There are 2 protein chains.
Amino acid sequence: MKKIGSAFPLATFDRPLVTVDVVIFALRNDTLTVLLVRRPADPQDPFPGQWALPGGFVDVQQDSSLLACAVRKLKAKTGVTTPYLEQLGSWGDESRDPRGWSTTHAYFALIQAPEVDAQTPAPSLESQWFPADDALRKRLAFDHRQILSAAVARLRSKVEYTSLPAFLLREPFTLPQLQKTYEVVLGRAMDKSAFRKRMLDANFLEESGMTDGVQGRVAMSYRIKDRELPTTFPRMFKSGE
Amino acid sequence: MKKIGSAFPLATFDRPLVTVDVVIFALRNDTLTVLLVRRPADPQDPFPGQWALPGGFVDVQQDSSLLACAVRKLKAKTGVTTPYLEQLGSWGDESRDPRGWSTTHAYFALIQAPEVDAQTPAPSLESQWFPADDALRKRLAFDHRQILSAAVARLRSKVEYTSLPAFLLREPFTLPQLQKTYEVVLGRAMDKSAFRKRMLDANFLEESGMTDGVQGRVAMSYRIKDRELPTTFPRMFKSGE
DNA sequence: TAAATAGTGTCTGTAAGACAGTATACT
DNA sequence: AGTATACTGTCTTACAGACACTATTTA
């Protein structure tokens, strides 16, 4: 077997395939949506024509790390360069890819819904946003359904005790908008007073002037103080897991 | 490049190396310890003679999945077959292994400290338990220091709101023993009354008769109701992250 | 009886939830 | 004025922490 990059001898093991997949979440139409791409129709490819998570092989020439690879794939599909991006986990076994023993490193990204008329890669025949719950019910290529399911579960779980949903909104945003986002992600209504106390006490937002409300009272708008990482609240929203 | 396992054609990419590493925690002498192994002394190998996490290449003939590979490596080093085992994350870049672009899938395991005189693989020159805090200060092979650091951080973080430390004890155990375990892992003392209320209210323990105490009042002993997964408490022990 | 360990009771503080109320905008 | 939206206040509940107390064992 071929050696790469150094004088160290390598055991002659077969190497698994190494891929990276990205679960990209955005809020569209007051719905949590994920981006799926269509596999090539070529019957030589595995799962031809099926929906899959955006992703693919690590390119050892181009990608300096797994994270860099995920960033590259995210940018290629959405144009977004500064998302919230966290590692979800890895999957690997002998049967998930018909081409052989294969591994994937899954990431999940939260992005602001693209402006409809920006010159970002538009949704197309090969790439489309689906409501998360619809996507979960689809038959997806590889084990992507399982990965997507883990991503949605992780997101919903973290939303119970972190400020993650703020990364789905374009800044500045109002507290009612943020509450709506929590409600959409979790699929249940929340109490306004408790919600506001919690967000403001957590001290991760800074005021950013009044909105020019379309109707009704104008609201205070906010920005995230530190976009690097989400804030953890001292308790869960709803007791239990 | 060689094709494996099927008729699907593969792009001729160089494939990264694929390894699995396991961070194995046990309680020894009222101290949180991790198992490290020595790299072979052969200068042909990377990091000869240095301490590293137990792990190595995925063997596509032998391992049907990443998890199976982690289980195999854990068993080889400790003889333990039913640990608490969870995926920690994956690391991969062009420079972590001098042999080339390499990835590792890291797992972390909580096991009961091996009986000293059982016929399990004994600690040896090539394999030794170190207090977690000492191990963190060592120079380790590859990026294993970073991985170990992530494992300790994850463990300490989850201990704040889950029943994880129970997996470090041999059953049955008493509440004072469990409390001691929490204190050892977190490095701080906890209030007895609050601790007991929390554990008993969480309802993940079942009574298992009285201990024959060596001195002092005999204590109720407990077993874990469901060893499959840890229980999540409704709040953190200490507010904040 | 003293020492050691196990276990309980009571009070306080914090933050979430329920829900009713007030404030400010537009029509 | 009426409606829609933003925001506040008050009461209750859940649970962690502090700390003093009681209970049961051995020496």
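Letters A, B, ... mirror the listed sequences (proteins, then strands); counts begin at 1. Keep in mind that this is a model prediction, so the values were computed, not measured.
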Categorize [X] for me: base, sugar-phosphate, or nothing, with a 4.0 angstrom heavy-atom threshold over every strand shown.
X	answer
A:A194	base
B:S193	base
A:M190	nothing

Closest heavy-atom pair, B:F233 versus B:T162, reported as atoms and distance to 0.1 Å, is CE1-O, 3.2 Å
In whole angstroms, how far is the [atom2] atom of [N] from the [atom1] atom of [X]?
X	N	atom1	atom2	result
B:Y161	D:dA14	OH	P	24 Å
A:M199	D:dT8	CE	P	15 Å
B:Y222	C:dG7	OH	P	6 Å
B:D201	D:dA16	CG	P	7 Å
A:K197	D:dA6	NZ	P	19 Å
B:E160	D:dA16	CD	P	12 Å
A:Q179	C:dG17	CD	C1'	12 Å
B:N203	D:dA14	CG	C1'	17 Å

Which atom pairs link the protein and nucleotides 23-27 of chain D when you take only N or O atoms and keep those under 3.5 Å?
residue, atom, partner, partner atom, Å
D:dA23, N3, B:R217, NH1, 3.0
D:dT24, O4', B:R217, NE, 3.4

Next item on the list: Can you check whether any acceptor in the base of D:dA14 is under 3.5 Å from a donor in the side chain of B:R235, or vice versa?
Entry: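 When only heavy-atom distances are counted, B:R235 does reach the base of D:dA14 through a donor-acceptor pair under 3.5 Å.
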Practice task
Using the six-membered ring wherever Trp is involved, compare the ring planes of B:Y161 and A:Y161 and label them parallel, tilted or perpendicular (cut-offs 30° and 60°).
Solution key: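 Rings of B:Y161 and A:Y161: tilted, 30 to 60°.
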Judged by nearest nucleotide, the residue sitting upstream toward the 5' end of DNA chain D, B:F233 or A:R196, is A:R196
*asked:* Taking the six-membered ring for Trp, are B:Y222 and B:F173 closer than 6.0 Å centroid to centroid?
replied: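 Distance test on ring centres: not under 6.0 Å, no.
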message: Taking A:E160 first and then A:R188, would you say they form a salt bridge - that is, a charged N and a carboxylate O separated by under 4.0 Å?
response: yes
Handout entry: Lys/Arg-Asp/Glu bridge criterion (N-O < 4.0 Å) met for B:D133, B:R156
Key = yes
Taking for B:L200 and for A:D191 the nucleotide of DNA chain C with the nearest heavy atom, the one nearer the 5' end belongs to B:L200
Those residues at least two apart in sequence (or on a different chain) that pass ring pair (Phe, Tyr, Trp, His ring centres under 6.0 Å) with A:F130 are A:W51
Residues forming a side-chain hydrogen bond (donor to acceptor under 3.5 Å, both in side chains) with B:S149, sequence neighbours excluded: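 Checked B:S149 against side-chain hydrogen bond (donor to acceptor under 3.5 Å, both in side chains); zero matches.
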